Amino acid sequence: MAVMNFGGVDENVVTREEFPLEKAREVLKDEVIAVIGYGVQGPGQSLNLRDNGFNVIVGQRKGKTYDKAVADGWVPGETLFDIEEACEKATIIQVLLSDAAQIECWPRIKKHLTPGKALYFSHGFAITYKERTNIIPPADVDVILIAPKGSGTSLRRMFLQGRGLNSSYAIFQDATGRAMERVIALGIGVGSGYLFETTFKKEVYSDLTGERGTLMGAIQGLLLAQYETLRENGHEPSEAFNETVEELTQSLMPLFAENGMDWMYANCSTTAQRGALDWMGPFHDATKPVFEKLYKEVACGNEAQRSIDTNSKPDYREGLNKELEALRNSEMWRAGAVVRKLRPENN
């Protein structure tokens, strides 16, 4: 483990150079890893573990997702089982179900948490809000976390490109004395670029804030506000979309992702520089109170409870699909569908 300085703050980081894949395989050579759930994170993590040479099986109830697992090469009765059978066979149980599904399945998972096993999460939700979820692990198992900083699709795609997606790691409970080597080996096994230390609580607080903030909620709200302003002032949909979304995602984001925002500012026109420097303050001042309110709602558990209450409703999926359809059919994203088809790689 290395100590690295991030903007003046020292943090614990593990890289693939100091903990290579060969070492991870050695640490987990006698383990059976069961990935429970084949939805969002399950495919990427399980396929990467399999391709990296670990002994991994999948636990999934039958249905469309089960059929997807079969299509991905998991063999019923050999490497693909129902949830309880997979948990029984495993020494490490990776719970990659949705937060709502974890609550529903917990009694069936818990009965197979015999002493010495490891319980693995990729989200701190279940444990941090355990008084609300009732997911309380027995004291004689390791409880660990690897949280890739991106979707399971990104994790798999980057793995196939020979790259790694950065992940956080945490230990909630070390019952065996091996929790640290287990969690780092698993982090390397699922395809992490490097691993940085956190806690279950910090992971879920930052994750819920990020999802509702700059990763999804805030960015959609900000894009829509600019798009609407341009449209209300007579700009055509194609121009409004290009200036709001296309230039950001296709031109600028790759550049400041690679080199930083200071480099981005230094390498644009002087007119753009001046405007960006002058207006970043008002945007910061306008949105900071919203982020502060959001973080408080996450920290007090209100966001978690809203999620639990909403996602456990029998008609949740139907309502969600209606909301997503409305988003997809909005003028901005209908314009986006046309613009994407006009990109050079699609012609």
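Since this is a predicted model, take the numbers as computed values, not measurements.
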Would you find a donor on one side and an acceptor on the other, under 3.5 Å apart, between the side chain of Glu181 and the backbone of Arg178? no

Under a 4.5 Å side-chain heavy-atom rule over Ile, Leu, Val, Met, Phe, Trp and Tyr, are Leu119 and Val35 clustered together? no

What distance do Glu232 atom CD and Leu230 atom CG have between them, rounded to the nearest 0.5 Å? 9.5 Å

Between Leu113 and Trp106 the two heavy atoms that sit nearest each other are CD1-CH2, 3.5 Å

Can you confirm if the NZ or CZ of Lys313 lies within 45° of the ring axis of Tyr316 and under 6.0 Å from the centre of its six-membered ring? no

Thinking salt bridges, do Arg61 and Glu104 make one under a 4.0 Å N-O criterion? yes

Any side-chain heavy-atom pair from Asp142 and Ile171 closer than 4.5 angstrom? no

Is there side-chain contact between Phe200 and Phe121, with heavy atoms separated by less than 4.5 Å? yes

More than 12 heavy atoms of other residues, nucleotides or ligands under 6.0 Å from NZ of Lys296: yes or no? no

Spatial distance of atom SG (Cys300) from atom OH (Tyr295) [nearest 0.5 Å]: 11.5 Å

Do Ile308 and Asp99 come within less than 4.5 Å of each other through their side chains, counting heavy atoms only? no

Are the side chain of Glu203 and the backbone of His123 linked by a donor-acceptor contact shorter than 3.5 Å? no

Given side-chain contact (heavy atoms from CB on, under 4.5 Å), test Leu28 with Ile92 step by step and report yes or no. CA-CA 10 Å; Leu28 301 179; Ile92 298 172; 3.9 Å; yes

Are Ile109 and Ile33 in one and the same hydrophobic cluster, where Ile, Leu, Val, Met, Phe, Trp and Tyr link if side-chain heavy atoms are under 4.5 Å apart? no

Can you tell me if Gln173 uses its side chain to pair, donor with acceptor, with the backbone of Pro138 under 3.5 Å? yes

Output for pair (Leu49 CG, Ile188 CD1), nearest 0.5 Å, gives 11.5 Å

Crowding at CZ, Arg157 (>12 non-hydrogen neighbours, <6.0 Å): no

Ignoring hydrogens and geometry, is there a side-chain-to-backbone donor-acceptor pair from Thr209 to Ser206 under 3.5 Å? no

Check the side chains of Thr133 and Gln102 for a donor-acceptor pair under 3.5 angstrom, ignoring hydrogens and angles. no

Using 4.0 Å as the upper bound for N to carboxylate O, is an ion pair formed by Arg156 and Asp51? yes

Please set out all donor-acceptor pairs under 3.5 angstrom arising from side-chain atoms of residues 213-224, sequence neighbours excluded.
{"from": "Gln220", "atom 1": "OE1", "to": "Trp333", "atom 2": "NE1", "distance (Å)": "3.1"}

Does Asn346 use its side chain to pair, donor to acceptor, with the backbone of Arg340 at less than 3.5 Å? yes

Verdict with reasoning, Ser98 to Val40, per side-chain contact (heavy atoms from CB on, under 4.5 Å): CA-CA 8 Å; Ser98 69; Val40 178; over 6 Å; no

Does the side chain of Ser192 come under 3.5 Å of the side chain of Ser167 through a donor N or O and an acceptor N or O? yes

Go through it in stages, so that I can follow the logic: the residues are Lys23 and Glu26, the test is salt bridge (Lys or Arg N to Asp or Glu O under 4.0 Å), and I'd like the CA-CA distance, side-chain angles, deciding distance and then a yes or no. CA-CA 5 Å; Lys23 182 175 180 180; Glu26 178 63 25; over 6 Å; no

How close do Ala126 and Ile135 get, heavy atom to heavy atom, and via which atoms? CB-CD1, 3.6 Å

Determine yes or no for a side-chain-to-main-chain donor-acceptor pair under 3.5 angstrom, with Tyr205 supplying the side chain and Ala299 the backbone. yes

For the residue pair Tyr120 and Arg182, establish whether any side-chain heavy-atom pair is separated by less than 4.5 Å. no

State whether a side-chain donor-acceptor pair under 3.5 Å links Tyr38 with Asp72. yes

Find the distance between NZ (Lys110) and CD1 (Ile93) and round it off to the nearest 0.5 Å. 13.0 Å

Atom CD of Glu88 and atom CD of Glu85: how far apart are they, to the nearest 0.5 Å? 7.0 Å

Phe19/Leu195 under side-chain contact (heavy atoms from CB on, under 4.5 Å): CA gap, chis, key distance, verdict: CA-CA 10 Å; Phe19 204 109; Leu195 298 156; over 6 Å; no

Does the Lys117 side chain pair with the main chain of Cys87, one donor and one acceptor, at a distance under 3.5 Å? yes

Which atom of Trp74 lies closest to which atom of Ile57, heavy atoms considered: CZ3-CA, 4.5 Å

For Asn52 and Gly189 the tightest heavy-atom approach is ND2-O, 2.9 Å

Same apolar cluster: Val245 and Leu252, side chain cutoff 4.5 Å: yes

Determine the minimum heavy-atom distance between Cys268 and Ala272, stating which atoms define it. SG-CB, 3.8 Å

Should Leu155 and Phe159 be counted in the same cluster of Ile, Leu, Val, Met, Phe, Trp and Tyr side chains packed under 4.5 Å apart? no

Side-chain heavy-atom pair Gln305, Asn302 within 4.5 angstrom cut-off: no

CZ (Phe283) and CG (Asp278) are apart, to the nearest 0.5 Å, by 12.0 Å

Identify whether the distance between the nearest side-chain nitrogen and carboxylate oxygen of Glu297 and Arg212 falls below 4.0 Å. no

pair Cys105-Ile83: side-chain heavy atoms closer than 4.5 Å: yes

Can you find a heavy atom in the side chain of Trp263 that is under 4.5 Å from one in the side chain of Phe256? no

Run the side-chain contact (heavy atoms from CB on, under 4.5 Å) check on Leu21 and Phe54 step by step: do they pass? CA-CA 10 Å; Leu21 183 58; Phe54 295 89; 3.8 Å; yes

Considering all heavy atoms, the nearest Ser122-Ala147 contact: O-CB, 3.6 Å

Tell me whether Arg231 is salt-bridged to Glu228, with the criterion being a basic N under 4.0 Å from an acidic carboxylate O. no

Can you tell me if Lys149 has over 12 outside heavy atoms packed within less than 6.0 Å of its NZ? yes

Do the side chains of Ser238 and Val338 get nearer than 4.5 Å, heavy atoms only? no

Short question: side chain of Ser46, backbone of Pro43 - any donor-acceptor pair under 3.5 Å? yes

Out of curiosity, does Val95 fall in the hydrophobic cluster containing Val183 (side-chain heavy atoms, cut-off under 4.5 Å, transitive links)? no

Do you see a donor-acceptor pair shorter than 3.5 Å between the side chains of Thr244 and Gln226? yes

Is a donor on one side and an acceptor on the other found under 3.5 Å between the side chain of Ser312 and the backbone of Asp309? yes

With a 3.5 Å distance limit and no angle check, can you tell me whether Glu197 reaches the backbone of Asn12 through a side-chain donor-acceptor pair? no

Look at Glu292 together with Lys288 and state whether they make a salt bridge at an N to O cut-off of under 4.0 Å. yes

